[in-house]
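Only one structure is covered here, and it is reproduced in the block below.
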Number of protein chains: 2
Amino acid sequence: MATGRNHRPATRSRGIPEATVARLPLYLRALTALSERSVPTVSSEELAAAAGVNSAKLRKDFSYLGSYGTRGVGYDVEYLVYQISRELGLTQDWPVVIVGIGNLGAALANYGGFASRGFRVAALIDADPAMAGKPVAGIAVQHTDELERIISDNGVSIGVIATPAGAAQQVCERLVAAGVTSILNFAPTVLSVPDGVDVRKVDLSIELQILAFHEQRKAGEEAEASARKGPDGDMPAVMPA
Amino acid sequence: MATGRNHRPATRSRGIPEATVARLPLYLRALTALSERSVPTVSSEELAAAAGVNSAKLRKDFSYLGSYGTRGVGYDVEYLVYQISRELGLTQDWPVVIVGIGNLGAALANYGGFASRGFRVAALIDADPAMAGKPVAGIAVQHTDELERIISDNGVSIGVIATPAGAAQQVCERLVAAGVTSILNFAPTVLSVPDGVDVRKVDLSIELQILAFHEQRKAGEEAEASARKGPDGDMPAVMPA
DNA sequence: CCATCTTTGTGCACGCGTTCACAAAGACAT
DNA sequence: ATGTCTTTGTGAACGCGTGCACAAAGATGG
């Protein structure tokens, strides 16, 4: 996960559970692979294995979408691809702007996974005037001054922030003011946004820190296996006054 | 995660809840900012606001670490920074290898957030012989043939996979065989690993798809509202089918 | 030393998500 | 048509995470 969560309280009324929504893209990817291999049908067991989840969970997830399976047979791959795509809103084209064309922004612009799934990079935006006009991934970078016009002209509702942390909140506010209502944030900052705007964040540093925690715990268990002494001591290296 | 999760079944008896662990880096970042501004103490309310969480949740999170606060005052910033760092295992140095030095791998290598938090890029590895020797972020790229030796020589236990999807599983297996026990996967694939190995994945495409789902739902609600009220709303440039 | 005020630490209840286990549904063979 | 076999769809139980609300702890002032 990348990451953390930051959306509305819960899925209300008629909605699909948030946890299920987060897994739909995973199923879709596995199904697309099957589709390319011309596999006609797949059982919940097989598909669950391909997606790396429990088969009961997968069936329950699909049950929120409707009864698309056939008992004794499984699920029709093509049909399911279509249903999930439609549910996720991928049957339409989503123009996306990327703000902050540093190393990460350039990597995102070049990332093939966007175009293949209904997303289209409508514009690359950077605050550095020296970047303006330079082509990245075949698209000319535009200056931040153009941000509002670009959003408006292209009907952009999804923005990606790949700026330094210091600029993120300001960029966010300009995006929202210009009409963006969904933001994918790569900057290591907490963004504050008005109600109705969704923010998802991807934080590389946090992911590594979580891994380090588990890694340390594994090492600690190993050490405990050899020596039966608690690692509970307070290192007074940095003590408050 | 922002994405998906893939660790061991549950939190162990004496352990800190997984959800809490995932928030500790967030608190740590907020605390570090306070520390740099020489703020001596902070209340749960203030810190929670800075980290974007509920204050009760924050206090409960800290209660798993111990009683580090002072009632009527709050938490000592420096002391808390140290305690969380220690808990996360950031008081030691973690050598990390990045495999796959494309756009994304290069962006990761240049990402400053690693070095500042106890992580050190020990090596950059790529399968392309033409990349070998080329410096990226001040480090010479090494060929995949060297992978096992690099891991072993540097005692690397954390690996980052930024290869194309097709190569990810194989790279993963080589990393694990060489001794890596924690993997951060950026490739859009489900990795299968033996027990004892932690995998976290960051999937840009999935994050965007989740945003698209919510975006579509918002558009649907708007359409529903304007259908009931009247043709008042702004013209939706992209109308869902 | 006592009263008051602030803020922590946590017991408790609630809701979401996961998993089990099984009845119902349909395919398929005879 | 009937029986068997496979696989779905889901009711129900359980566990984790969240947030409320408050008592306990300690600071502060008189």
Side-chain angles (χ1 to χ4, degrees), chain A residues 1 3-24 26-27 31 39-77 79-80 83 210 240-241, chain B residues 1 3-24 26-27 31 39-77 79-80 83 210:
Chain A
M1 153 181 82
T3 63
R5 303 287 105 91
N6 187 10
H7 12 65
R8 48 195 55 193
T11 356
R12 290 278 164 258
S13 45
R14 316 264 162 132
I16 300 171
E18 188 60 31
T20 295
V21 173
R23 281 188 294 269
L24 289 182
L26 217 55
Y27 302 144
L31 285 165
V39 177
T41 61
V42 65
S43 72
S44 64
E45 204 72 47
E46 294 168 318
L47 186 54
V53 302
N54 183 292
S55 71
K57 194 188 293 187
L58 178 140
R59 287 198 299 277
K60 179 144 287 194
D61 284 341
F62 286 175
S63 77
Y64 292 116
L65 308 184
S67 287
Y68 295 148
T70 305
R71 295 172 192 233
V73 176
Y75 299 91
D76 182 279
V77 171
Y79 188 56
L80 206 46
Q83 290 297 343
I210 296 172
Chain B
M1 72 197 299
T3 325
R5 304 286 104 96
N6 185 10
H7 12 66
R8 49 194 56 195
T11 359
R12 319 236 325 182
S13 44
R14 280 300 168 208
I16 299 172
E18 188 60 30
T20 295
V21 172
R23 281 188 294 268
L24 288 182
L26 217 55
Y27 303 145
L31 285 164
V39 177
T41 61
V42 65
S43 72
S44 65
E45 204 72 46
E46 293 168 319
L47 186 55
V53 302
N54 182 292
S55 71
K57 194 188 296 186
L58 178 141
R59 288 198 299 275
K60 181 148 288 190
D61 283 342
F62 285 175
S63 78
Y64 293 117
L65 309 184
S67 286
Y68 294 147
T70 305
R71 296 173 191 232
V73 176
Y75 299 92
D76 183 281
V77 171
Y79 187 56
L80 204 46
Q83 290 297 345
I210 296 172

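These values consider heavy atoms only, across backbone and side chains, with no hydrogens, waters or symmetry-generated copies. In what follows, chains are A, B, ... by sequence order, proteins preceding strands, each numbered from 1. Since the structure is predicted, the reported quantities are computational estimates derived from the model, not experimental observations.
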Proximal nucleotide (of C:dG17, D:dG9, C:dC20) relative to the A:Ala19 side chain | C:dG17
Donor-acceptor pair (no angle test) under 3.5 Å: A:Lys60 side chain, C:dT19 base = yes
Does B:Arg23 put a side-chain nitrogen or oxygen below 4.0 Å from OP1 or OP2 of D:dT18?
-> yes
What integer distance in Å separates A:Leu80:CG from D:dT8:C1'?
-> 13 Å
Euclidean distance, atom NZ of residue A:Lys57 to atom C1' of D:dT8 [Å, nearest integer] | 18 Å
Starting from C1' on D:dT7, measure out to CZ on A:Arg59 and report it in whole angstrom.
-> 7 Å
Minimum-distance nucleotide to B:Glu18 side chain [options: D:dG17, C:dG17, D:dC20] | D:dG17
For B:Leu58 and B:Val53, work out which heavy atoms get closest and say how close.
-> CB-CG2, 4.3 Å
Could you check how far CG of A:Leu58 sits from P of D:dT7, rounded to whole Å?
-> 14 Å
Donor-acceptor pair (no angle test) under 3.5 Å: B:Arg71 side chain, C:dT8 base | yes
Looking at B:Asp76 and B:Thr41, what are the two nearest heavy atoms and their distance?
-> CA-CG2, 4.2 Å
Hey, which sits more toward the 5' end of DNA chain C by its nearest nucleotide, A:Tyr64 or A:Thr70?
-> A:Tyr64
What's the shortest heavy-atom distance between A:Ile16 and A:Leu65, and which atoms?
-> CD1-CD2, 3.5 Å
Provide, to the nearest angstrom, the distance between the OH atom belonging to A:Tyr68 and the C1' atom belonging to D:dT8.
-> 15 Å
Rounded to whole angstrom units, what separation is found between the CG atom of A:Asn54 and the P atom of D:dG9?
-> 15 Å
Examine B:Tyr79 together with B:Tyr68 and report whether their ring centres are nearer than 6.0 Å.
-> yes
Shortest non-hydrogen pair, B:Ser55 vs B:Ser44, comes out as CB-O, 3.9 Å
Taking only the side-chain nitrogens and oxygens of A:Tyr75, find out if one of them lies under 4.0 Å from OP1 or OP2 of D:dG9.
-> yes
May I have the distance from A:Phe62 (atom CZ) to D:dG9 (atom P), rounded to whole angstrom?
-> 10 Å
Rounding to a whole Å, what distance do you find between B:Glu45:CD and D:dC20:P?
-> 11 Å
Between D:dT8 and A:Ser44, is there an OP1 or OP2 to side-chain N/O distance shorter than 4.0 Å?
-> yes
